Amino acid sequence: MGNTIVQSTFLLTLLLSVGLFFFIRASTKDRTEQAQLTSEQDEATLMNQLKEYFRSRSYRVTSIEKERNQVNFEGFVRPSWFLAIFLTILAAVGFACLSLVLSQLFSSHSPFFLVLVLLSPLSGIFYWRKAGRLEKVSLKMESTPNEQHSSSIITVIAHRDELAELQKALQLKMVD
């Protein structure tokens with residue numbers, strides 16, 4: 001192979017390695033969002049459903065602020081075995097590609113570059129340590145009297161996946 005081809009392949013592999021690094025780092029990023037959800041149920045019934053929903057998902061009530069009509073929950077979110085293994089495999093493939101390109105560039109040291117693949121479990125360990133954390137959920141309830149019936153608006157601050165599950169489980173609609 002020509003030296004120019006190997007050098008350009010090395011540059012592209014390095015760019016892909018940087019992307020892989022940021023992908024692994026982003027797997028532990030906090031994705032807390034705020035959403036306003038509405039329900040046709042009255043405030044008391046909805047609050048009981050919300051408390052039961054969060055209890056079933058291993059959250060516990062940490063504080064209740066009656067004057068602001070707000071409840072705060074806290075729960076430990078476990079890391080995913082699947083994602084830890086997936087990130088380790090991705091890192092192994094990335095290190096294998098990088099070591100192959102490096103062995104083409106520096107053929108005299110080629111056996112030593114395959115040792116880079118042994119670093120791949122570090123990505124799974126990194127994810128496992130950073131992803132397991134306490135998640136906080138904050139609910140603020142407001143009732144909106146209507147001519148026909150009363151409805152409730154809930155302002156929720158939580159992880160975006162938790163918001164989607166909550167919306168699906170209790171058939172809540174996003175406020176327009």
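Computed from a prediction, not measured in an experiment: that's the story for all the values here.
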Salt bridge (charged side-chain N to carboxylate O under 4.0 Å, His left out) partners for [X], two or more places apart:
X      : answer
Arg57  : Glu162
Lys136 : Glu74
Glu65  : Arg68
Arg160 : none

Sequence neighbours excluded, which residues qualify as side-chain hydrogen bond (donor to acceptor under 3.5 Å, both in side chains) partners of [X]?
X      : result
Thr45  : Asp42
Asp161 : none
Arg25  : none
Thr32  : Asp30

Query raised in the report: When you look at Val137 and Leu166, which way does the side-chain contact (heavy atoms from CB on, under 4.5 Å) test go after all the steps?
Result: CA-CA 11 Å; Val137 176; Leu166 174 67; over 6 Å; no
**Report entry** By side-chain contact (heavy atoms from CB on, under 4.5 Å) - contacts of Ser120 (at least two apart)
**Finding:**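 side-chain contact (heavy atoms from CB on, under 4.5 Å) check on Ser120 returns Thr88, Ala91, Ala92, Phe95.
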Query raised in the report: According to the ring pair (Phe, Tyr, Trp, His ring centres under 6.0 Å) rule, which pairs have a member within residues 5-33, sequence neighbours left out?
Result: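 Pairs touching residues 5-33 that pass the test: none.
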Requested in this report: Under the ring-ring contact (aromatic ring centres under 6.0 Å, His included) rule, collect the residues that match up with Phe73, sequence neighbours excluded.
Outcome: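 Partners of Phe73 by the ring-ring contact (aromatic ring centres under 6.0 Å, His included) criterion, ordered by chain and then number, come out as Phe54.
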**Report entry** Short side-chain donor-acceptor distance under 3.5 Å, Gln70 and Ser138
**Finding:**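 Side chains of Ser138 and Gln70: pair found under 3.5 Å.
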Query - Co-members of the apolar cluster containing Leu100 [side chain, <4.5 Å] - result: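 Grouped by the 4.5 Å side-chain rule, Leu100 forms a cluster of one, so the answer is none.
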